[in-house]
Amino acid sequence: MAEPPAPPAFPGLSPEERRLVEALRARDENAFMELIDRYQASLVRVAMMYVGSRAVAEDVVAETWLGVLRGIDGFQGRSSLRTWIYRILTNTAKTRAQRERRSVPFASLGDGDDGPAVDPDRFLPPGDPAAGAWASPPRGWDDLPEATLLSAETRSVIDAAIDQLPPTQREVIRLRDVEGFSSGEVRALLELSETNQRVLLHRARSKVRAALERYLSEDTA
Amino acid sequence: MSVHVAPIACRELVELVTDYLEGALPPEQHARFENHIAGCDGCTAYLEQMRETIRLTGTLREQQISPGALAALLHAFRDWAST
């Protein structure tokens, strides 16, 4: 059986996104609700990386939705709908942050080389026949109950560890691991090279892991 | 002809974990990584901890919108749709 011919419009969109764009253009309120359902909470979290308070972030997101409505008739579908929405969000948030004279996270420095993933003291020192091997190896977490791993306290440890990261690392791990963006989407949104994105993600994840390890080992000691 | 391939130390391996999980290691490096993991309990536990960290970080996602904000957005939508 022959495949139906692909619609000519929006080559970069999934069928799902194409449906939403077309419905929105037809002024279908349910399509708008669907987008809000899907993205609102995530948009607020991402906006909070740029502006100081939740209230301002919600404002930025409301403005973003207006931008989506105003722009949807002219949307070309060169990027995915999702990337387009987040681009409107980050532009809106940056403008707002400038107005509030807060520095924009990824314009700031200080995300350079900031040490190894694991405390060097955990490895055997140079000169030892097995230099570089674990002196104090990590313990698996598979003996911990899922309820401990998923507790509100564990989650707050992760949240606090992310908050303490340098700004760009914080953005990358939030977009990748909290919001579930692909590396390509994160690179496009934050204008990072592939390598740079990966290095930032590595530093961020390594620090969050270390914080979790500290917390989970004191919990079970 | 045998090529001498230096093994990876645990201390180096922990710096390659993200590249490994992202599928960004060159094939030879990828093989060395997996060889090391196969024989090292400490690094196996470390890799598992990193996977678990990623999974748990993903649970920070939550979905909710306040009724007030939703009402305001719907109002804005109806304004927009009627013009």
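The structure displayed is predicted, hence computed values, not measured ones. Numbers restart at 1 for each chain; the letters A, B, ... are given by sequence-line order, proteins then strands.
Inter-residue side-chain proximity for A:Met33 and B:Leu70 is flagged as met; some heavy-atom pair is nearer than 4.5 Å. You'll find the side chain of A:Arg155 reaches within 4.5 Å of the side chain of B:Thr59, heavy atoms only. Using a 4.5 Å heavy-atom cutoff, the side chains of B:Arg11 and A:Arg122 are not in contact. At least one side-chain heavy atom of B:Glu22 sits less than 4.5 Å from a side-chain heavy atom of A:Leu201. Side chains of B:Thr53 and A:Trp141 form a contact here, defined as non-hydrogen atoms less than 4.5 Å apart. Side-chain contact between B:Glu52 and A:Leu212 is absent, with no heavy atoms from C-beta onward closer than 4.5 Å. For the pair A:Asp177/B:Leu60, no side-chain contact is recorded, criterion being any heavy-atom separation below 4.5 Å from C-beta on. Using a 4.5 Å heavy-atom cutoff, the side chains of B:Leu74 and A:Glu29 are in contact.
Of the listed residues B:Ser82, B:Gly58, B:Gly42, the one with more heavy-atom pairs under 4.5 angstrom with chain A than any other is B:Gly42. In terms of heavy-atom pairs under 4.5 Å with chain A, the best-connected choice from B:Thr57, B:Ile8, B:Leu21 is B:Thr57. Comparing A:Ala130, A:Pro137, A:Pro138, A:Ala133 by heavy-atom pairs within less than 4.5 Å of chain B, the highest count is held by A:Pro138. Ranking A:Ser206, A:Gly140, A:Gly180 against chain B, the residue ahead of the rest is A:Ser206, based on heavy-atom pairs under 4.5 Å.
Neither the backbone nor the side chain of A:Leu43 comes within contact range of chain B; no heavy atoms are under 4.5 Å apart. Proximity to chain B (any heavy atom under 4.5 Å) is shown, for A:Glu194, by neither the backbone nor the side chain. Residue contact with chain B, scored on non-hydrogen atoms closer than 4.5 Å, involves the backbone and the side chain of A:Leu69 alike. Contact annotation for A:Leu24: both backbone and side-chain heavy atoms come within less than 4.5 Å of a heavy atom of chain B. For B:Cys40, the part sitting under 4.5 Å from any heavy atom of chain A is the side chain, from C-beta outward, and nothing else.
Taking all atoms of both residues into account, the shortest heavy-atom contact from A:Ala131 to B:Ala9 is O-CB, 4.3 Å. Nearest heavy-atom pair across A:Ile36 and B:Leu73 is CD1-CD1, 3.7 Å.
Annotation: cation-pi pair A:Arg70/B:Trp80 absent, no NZ/CZ under 6.0 Å from the ring centroid and within 45° of its normal.
The backbone N or O of A:Pro116 sits nowhere less than 3.5 Å from a side-chain atom of B:Glu15 that would complete a donor-acceptor pair.
The OG1 atom of B:Thr18 sits 10.0 Å away from the CD atom of A:Gln197 when rounded to the nearest 0.5 Å. Note that CG of A:Asp28 is 6.5 Å distant from CZ of B:Phe77, once rounded to the nearest 0.5 Å.
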Under the side-chain contact (heavy atoms from CB on, under 4.5 Å) criterion, do B:Glu48 and A:Asp142 qualify, and how do the steps go? CA-CA 9 Å; B:Glu48 272 319 298; A:Asp142 42 4; over 6 Å; no
Show your reasoning for whether side-chain contact (heavy atoms from CB on, under 4.5 Å) applies to A:Leu216 and B:Gln49. CA-CA 11 Å; A:Leu216 292 171; B:Gln49 286 191 353; over 6 Å; no
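Between B:Tyr46 and A:Trp134, the two ring planes are tilted [angle within 30° to 60°].
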